[in-house]
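As the structure lists them, so they are numbered: ligands from 1, and atoms in each ligand from 1.
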Amino acid sequence: MTNYKLLFFNTRVRGEPARLIFAEAGVEYEDKRFEESEWPEIQPTTPFGKVPVLYIDDKPPLAQSGAIVAYLGREFGLDAGSPLADAYAHMLFKTFDDVGMLLPYLEEDPVKKAELTEEALEEHINPVLARMEKDFKAGGNDFLVGKKLTYVDLGFWNFCDIVSVFDKTFLTKFPTLDALCKRVAARPNIKKYLENRPPTPF
Ligand SMILES: N[C@@H](CCC(=O)N[C@@H](CS)C(=O)NCC(=O)O)C(=O)O
């Protein structure tokens with residue numbers, strides 16, 4: 001049996017898609033979370049000074065959230081099934097990761113935070129979602145890349161979960177994507193995981 005250890009802050013953002021993949025696949029792993037205060041000590045142990053990092057037995061550590069989810073997706077049958085379909089999955093994963101990072105996570109002034117949230121939504125997030133909604137609807141698929149759940153659906157659910165911390169109603173403009181998120185959250189293993197996961201601000 002392979003030993004997996006996922007190293008990430010005690011937050012969701014870029015670490016959570018891998019945790020959701022492990023949950024959906026029902027595969028055991030060590031969910032190694034750490035606090036901000038521990039980062040200076042941990043950072044030099046990581047390959048490129050960033051997390052998440054996935055440790056797989058005694059193999060060299062795997063960094064970059066996109067590489068981690070693509071690997072786990074393939075390993076656990078949550079990939080898209082062909083090189084091109086996997087490339088589309090990766091395209092979407094990186095696209096919502098890019099715009100999700102523009103939210104004002106660390107802003108403490110509530111007025112400024114509301115302004116920056118509005119700017120991130122209007123200028124970056126909503127245009128991406130509008131395009132995804134249009135393509136998803138036109139494709140007539142059950143999931144973002146084809147007929148079966150892939151890692152990108154889990155990543156997308158996490159992206160929407162994070163955006164909803166900033167604006168609870170943003171998905172109402174995108175009903176097909178909203179329905180997809182509800183289907184993902186209702187999957188038995190995901191539902192069980194969400195009921196028990198440690199509460200974190202984002
Ligand atoms: N492109 C990388 C970005 C990794 C990244 O920036 N991780 C953040 C946490 S979300 C981090 O390590 N921050 C600590 C730091 O930069 O010192 C990925 O997707 O994994």
Side-chain angles (χ1 to χ4, degrees), residues 2-25 27 29-57 59-76 78-80 85-108 113 116-117 119-121 124-125 128-129 132 144-145 150-167 170 184 193-194 197-202:
T2 307
N3 275 301
Y4 295 105
K5 178 171 93 171
L6 181 75
L7 179 71
F8 196 65
F9 289 99
N10 185 24
T11 58
R12 308 199 299 272
V13 284
R14 282 182 167 135
E16 196 69 3
R19 295 184 187 123
L20 287 163
I21 295 172
F22 279 116
E24 172 65 24
V27 173
Y29 72 109
E30 183 185 347
D31 184 14
K32 180 71 188 145
R33 294 164 181 253
F34 61 87
E35 299 301 328
E36 189 79 40
S37 59
E38 299 170 89
W39 180 231
E41 207 178 310
I42 290 175
Q43 188 174 27
T45 71
T46 66
F48 303 115
K50 303 274 179 199
V51 280
V53 176
L54 182 69
Y55 297 87
I56 311 152
D57 287 335
K59 307 234 171 2
L62 183 63
Q64 286 291 346
S65 54
I68 293 170
V69 294
Y71 160 72
L72 291 176
R74 171 161 274 215
E75 198 65 55
F76 303 152
L78 294 167
D79 58 333
D86 280 334
Y88 286 125
H90 194 71
M91 170 187 83
L92 292 177
F93 188 86
K94 279 305 297 167
T95 300
F96 54 73
D97 179 74
D98 285 350
V99 294
M101 284 300 134
L102 300 173
L103 288 163
Y105 294 94
L106 302 178
E107 181 56 60
E108 282 176 5
K113 190 167 185 154
L116 292 171
T117 297
E119 190 182 312
L121 279 167
H124 302 284
I125 294 173
V128 162
L129 291 174
M132 284 179 67
L144 285 173
V145 188
T150 69
Y151 74 81
V152 81
D153 300 294
L154 298 171
F156 182 66
W157 183 86
N158 178 58
F159 163 80
C160 292
D161 189 39
I162 298 291
V163 180
S164 71
V165 173
F166 294 82
D167 177 343
F170 79 101
V184 170
Y193 170 73
L194 296 178
R197 73 176 172 177
T200 62
F202 47 74

So CG of Asp97 and NE2 of His90: to nearest 0.5 Å the spacing works out to 9.5 Å

Shortest protein heavy-atom distance from atom 18 (C) of ligand 1, along with the residue and atom involved: Gln64 OE1, 3.2 Å

Nearest-0.5 Å distance, CG of residue Leu78 to CG of residue Leu72: 9.0 Å

Give the residue, atom name and distance (to 0.1 Å) of the protein heavy atom nearest atom 17 (O) of ligand 1. Trp39 NE1, 2.9 Å

Atom pair CZ/CG of Phe166 and Leu116 - distance to nearest 0.5 Å: 10.0 Å

Which of the atoms in ligand 1, numbered in the order shown and given with their element, are less than 4.0 Å from a heavy-atom of Ser65? 18 (C), 19 (O), 20 (O)

In terms of atom number and element, which parts of ligand 1 are under 4.0 angstrom from non-hydrogen atoms of Pro52? 20 (O)

For residues Phe9 and Phe34, establish whether the separation of their ring centroids is below 6.0 Å. yes

Side chain, backbone, both or neither: Lys50 near ligand 1, heavy atoms under 4.0 Å: both

Should Arg19 and Asp161 count as an ion pair when the cut-off is N to O under 4.0 Å? no

For atom 8 (C) of ligand 1, the protein heavy atom that lies nearest, with its residue and separation: Val51 O, 3.6 Å

Within this structure, what is the CD1-CG distance for the pair Ile162 and Leu103, rounded to the nearest 0.5 Å? 9.0 Å

So, is Gly66 polar-close to ligand 1, with some N/O to N/O distance under 3.5 Å? no

Are Gln43 and ligand 1 in contact, using a heavy-atom cut-off of under 4.0 Å? yes

Any N or O of Arg14 closer than 3.5 Å to N or O of ligand 1: yes

What is the ring orientation for Tyr29 with Phe22, classed by angle as parallel under 30°, tilted 30 to 60°, or perpendicular over 60°? parallel

Short N or O distance, Asp97 and ligand 1, threshold 3.5 Å exclusive: no

Is it true that a side-chain atom of Asn3 and a backbone atom of Asp57 form a donor plus acceptor pair closer than 3.5 Å? no

When you measure from atom 13 (N) of ligand 1 to every protein heavy atom, which one gives the shortest distance, and what is it? Phe9 CE1, 4.0 Å

